[in-house]
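Source: prediction; values computed, not measured.
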Amino acid sequence: MPTFMCFLNWTDQGAKNAKDANKRFQASKSMAEKLRGKLLSAYVTTGHYDVVLTLEMPNVVPLRVALSG
């Protein structure tokens, strides 16, 4: 299964609630599984991006839909 890296930025509201990162991780993990994929890792970072995810997905289509919505 292909592995994808996603580089994400939180909104101002999301940044204020950074303490909820573990809840977001669990929600992201559940979403990936519903899309027939697997969340491999999630990192809260500093710099240009706030979060980096690595995921295995059957293809890019479900991932693109999930991230655009």
Minimum heavy-atom distance [X]-[Y], with the two atoms named:
| X | Y | value |
| --- | --- | --- |
| Lys29 | Leu39 | N-CD2, 3.7 Å |
| Met57 | Gly37 | SD-CA, 3.9 Å |
| Pro58 | Pro2 | O-CD, 3.8 Å |

Q.
Between Trp10 and Val51, is the side-chain contact (heavy atoms from CB on, under 4.5 Å) condition met? List the steps.
A. CA-CA 8 Å; Trp10 285 338; Val51 179; 3.3 Å; yes

(Q) According to a hydrophobic-cluster definition based on side-chain heavy atoms being under 4.5 Å apart (Ile, Leu, Val, Met, Phe, Trp, Tyr only), do Leu40 and Leu8 belong together? (A) no

Q.
Count I, L, V, M, F, W, Y as connected when their side-chain heavy atoms are under 4.5 Å apart, and connections chain through other members. Are Met1 and Leu55 then in the same cluster?
A.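 Unlinked, Met1 and Leu55 end up in two clusters.
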
Q: Output yes when a side-chain donor or acceptor of Thr54 lies under 3.5 Å from a complementary backbone atom of Ser41, and no otherwise.
A: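 Yes.
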
Q: Using ring-ring contact (aromatic ring centres under 6.0 Å, His included) as the criterion, list what pairs up with Phe7, not counting sequence neighbours.
A: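 Here the qualifying residues are Tyr49.
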
Q: Hey, could you give me the CG/CD distance between Leu35 and Glu56, rounded to the nearest 0.5 Å?
A: 14.0 Å

